[in-house]
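For reference, the structure is listed below as structure tokens.
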Amino acid sequence: MSVLRPPPTSMRSVPRPLPLTLTNPSMVVQHTPCTMHLSILPPELACKLFYTMLDLSQSWKRNKWWLFDRVVESPHRTSFYARKTDGVENNESWQEAAQYWYNGRRTDPPEVFPDAMEEACVYVERIVNNEMQKRPRLPLEWAGRLSEGQIWRANVAASNCYEGTKESVGFHSDQLTYLGPYPTIASLSLGTTRIFRLREVVPSDETDSRRAQTFNIPLPHNSLTIMHAGTQENFKHSIPPQPTLDLYRPLFPHPSRLAFPPEPSNCRINITFRFYRPDFGPQSIPRCNCGVPTILRPDMKNRHDGQTDKYWWACYAGAQNEGKGCSFWQVMDVETEGRGPTISY
């Protein structure tokens with residue numbers, strides 16, 4: 001007697017493409033929505049900024065949040081910095097007025113950009129603005145102009161330290177709550193080379209016909225990876241653990257340790273420069289039934305042509321409240337919420 005079995009799902013017949021390592025800027029732009037730029041800072045400035053952030057990283061924290069029924073801890077150290085002004089109105093009180101939330105809790109007042117980071121911003125902003133001028137703009141991108149006539153300005157920066165081979169971060173897309181739709185994020189790598197892993201989230205209506213490919217991008221010292229508009233809506237990224245790594249050997253000695261040759265390091269410093277949009281300021285963020293500001297999520301599974309992506313506000317109180325949140329859910333409507341200007345409004 002034969003046993004009836006359900007037919008195999010179509011997903012089993014769709015092979016996953018093999019991972020692809022992208023070793024140069026031309027390969028990165030060919031296969032991903034990112035661009036890669038090598039040796040963007042003068043060598044001495046890159047080394048100075050590495051030492052500055054490495055020293056500061058000794059006091060950085062590991063993020064903690066609730067996941068299901070337990071507290072988890074980030075496997076790397078991180079900190080947050082904000083510029084003296086937001087770049088829109090040159091108002092130096094914007095940091096005091098801004099009460100930002102992250103992982104369901106109110107953050108401490110951010111540190112101001114160190115001098116070396118301010119100096120590096122000149123180079124980063126020039127490259128990002130030049131790249132953005134070359135690309136078609138998406139409907140909900142911010143369309144305002146900044147105080148110096150730029151499209152984009154680095155007014156905040158999340159900084160991370162990955163020490164050794166094991167420190168890492170899993171697949172995620174960056175929170176859009178204060179960035180708004182279609183953000184551009186510029187990620188500066190300093191120190192030892194680590195792999196940046198990128199993978200598309202395949203829309204639900206395409207999962208029967210294709211699987212996502214994983215891209216591995218080695219990020220060397222003094223390189224800038226720009227995640228252009230649409231990356232956070234369509235892809236997730238990670239820094240995986242590695243079995244081995246090459247030590248970073250600085251060209252210049254530490255200012256307080258002038259021994260030569262300079263001491264090698266097993267650390268990667270990552271500075272992700274971002275533009276917090278003025279139309280997504282803390283006071284404008286809806287609060288859920290828990291009384292906590294919501295987070296902005298893209299609808300990654302139901303996108304279509306890249307022009308009609310949808311977003312919603314969702315409760316995130318459970319990240320800190322012993323995993324307990326509410327069912328608040330609200331579609332974001334740029335026009336009704338009075339946001340902008342955007343490319344389409």
Side-chain angles (χ1 to χ4, degrees), residues 19-28 34-63 73-81 114-117 119-121 123-124 127 157-172 185-198 214-227 237-273:
L20 181 62
T21 298
L22 310 179
T23 57
N24 58 60
S26 61
M27 293 182 71
V28 172
C34 304
T35 55
M36 184 181 186
H37 308 265
L38 304 176
S39 302
I40 70 149
L41 302 178
E44 190 166 2
L45 174 58
C47 202
K48 176 183 176 183
L49 182 55
F50 171 76
Y51 285 135
T52 297
M53 304 308 286
L54 188 63
D55 289 347
L56 291 171
S57 74
Q58 302 307 307
S59 63
W60 295 354
K61 307 296 183 185
R62 298 179 188 271
N63 286 325
E73 182 178 75
S74 172
H76 68 278
R77 301 192 304 278
T78 187
S79 189
F80 187 74
Y81 295 84
D115 290 343
M117 191 188 292
E119 195 174 346
C121 273
Y123 298 89
V124 172
I127 292 172
S159 299
N160 306 292
C161 178
Y162 300 91
E163 184 174 1
T165 60
K166 302 302 181 185
E167 296 200 350
S168 60
V169 64
F171 272 111
H172 67 284
I185 298 175
S187 177
L188 177 64
S189 294
L190 301 167
T192 189
T193 298
R194 291 292 298 266
I195 297 295
F196 176 67
R197 185 165 287 170
L198 197 65
T214 298
F215 301 105
N216 295 316
I217 307 173
L219 302 180
H221 172 69
N222 198 12
S223 64
L224 185 73
T225 304
I226 305 176
M227 294 184 282
H237 56 275
S238 72
I239 301 292
Q242 296 182 188
T244 61
L245 57 74
D246 293 328
L247 293 177
Y248 166 58
R249 302 183 185 279
L251 294 176
F252 301 89
H254 190 287
S256 64
R257 299 189 291 273
L258 299 179
F260 199 86
E263 182 181 349
S265 174
N266 68 344
C267 292
R268 172 184 179 248
I269 294 292
N270 165 234
I271 308 173
T272 55
F273 294 99

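Quick note: numbers below take in every heavy atom, side chains included, and nothing from hydrogens, waters or symmetry partners.
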Non-hydrogen side-chain atoms of Thr225 and Ile217 separated by less than 4.5 Å = no
ask   = Under the 3.5 angstrom rule, does the side chain of Thr272 hit a backbone N or O of Ala158 as a donor-acceptor pair?
value = yes
query = Is there side-chain contact between Trp60 and Thr78, with heavy atoms separated by less than 4.5 Å?
reply = no
key: Over all atoms of both residues, closest heavy-atom pair of Leu190 and Ala46   = CD2-O, 3.9 Å
ask   = Ignoring hydrogens and geometry, is there a side-chain-to-backbone donor-acceptor pair from Ser189 to Pro220 under 3.5 Å?
value = no
query = Where do His76 and Asn160 come nearest, in terms of heavy atoms and distance?
reply = NE2-OD1, 3.3 Å
message = Just so I know, are the side chains of Cys34 and Leu198 near enough to count as touching, which here means a heavy-atom distance under 4.5 Å?
response = yes
task = Kindly determine whether Asp246 and Thr193 satisfy side-chain contact (heavy atoms from CB on, under 4.5 Å), including the steps that lead there.
result = CA-CA 7 Å; Asp246 293 328; Thr193 298; over 6 Å; no
task = Please test Arg268 against Ile239 for side-chain contact (heavy atoms from CB on, under 4.5 Å), starting from the C-alpha separation and ending with a verdict.
result = CA-CA 11 Å; Arg268 172 184 179 248; Ile239 301 292; 3.7 Å; yes
inquiry  = Measuring from atom CG of Leu247 to atom OG of Ser265, what distance do you get when rounded to the nearest 0.5 angstrom?
reply    = 7.5 Å
Modelled atom types, side-chain donor and acceptor of His37 and Thr35, under 3.5 Å = yes
key: Gap separating the CG atom of Leu188 from the NE2 atom of His221, nearest 0.5 angstrom   = 8.5 Å
Polar side-chain atom of Glu44 near backbone of Phe252 as donor-acceptor pair, under 3.5 Å = no
Atom pair CG/OG of Asn216 and Ser238 - distance to nearest 0.5 Å = 8.0 Å
ask   = Taking atom OH of Tyr162 and atom OG1 of Thr192, what is their separation to the nearest 0.5 Å?
value = 13.5 Å
message = Please check: side-chain N/O of His172 versus main-chain N/O of His237, any donor-acceptor pairing under 3.5 Å?
response = yes
task = Take Cys47 and Tyr248 through the side-chain contact (heavy atoms from CB on, under 4.5 Å) test and state the conclusion after the steps.
result = CA-CA 11 Å; Cys47 202; Tyr248 166 58; 3.9 Å; yes
ask   = Can you tell if the side chain of Met117 reaches within under 4.5 Å of the side chain of Leu49, non-hydrogen atoms only?
value = yes
Rounded distance (nearest 0.5 Å) linking atom CG of Leu41 with atom CD of Glu119 = 9.0 Å
query = Is there side-chain contact between Pro19 and Arg197, with heavy atoms separated by less than 4.5 Å?
reply = no
inquiry  = Within the 4.5 Å heavy-atom criterion, are Ile269 and Ser159 side-chain neighbours or not?
reply    = no
Pair Glu163 + Arg77: basic N to acidic O under 4.0 Å = yes
Asp115 atom CG, neighbour heavy-atom count above 12 within 6.0 Å = no
note = Smallest heavy-atom separation, Pro240 atom then Ile195 atom, equals CD-O, 3.3 Å
query = Is there side-chain contact between Leu54 and His254, with at least one heavy-atom pair below 4.5 Å?
reply = no
Closest heavy-atom pair and its distance - Pro262, Tyr51 = CB-OH, 3.8 Å
request  = Indicate the atoms forming the closest heavy-atom contact of Leu219 with Phe196, along with that distance.
outcome  = CD1-CB, 3.3 Å
request  = Write down the atom of Pro250, the atom of Glu263, and the distance for their closest heavy-atom approach.
outcome  = CD-O, 3.5 Å
inquiry  = Could you check whether any side-chain heavy atom of Leu224 comes within less than 4.5 Å of a side-chain heavy atom of Tyr123, counting everything from C-beta outward?
reply    = no
ask   = When rounded to the nearest 0.5 angstrom, what distance separates CD in Gln242 from OG in Ser168?
value = 10.0 Å
task = Tell me yes or no: between the side chains of Asn222 and Ser39, is some donor less than 3.5 Å from an acceptor?
result = no
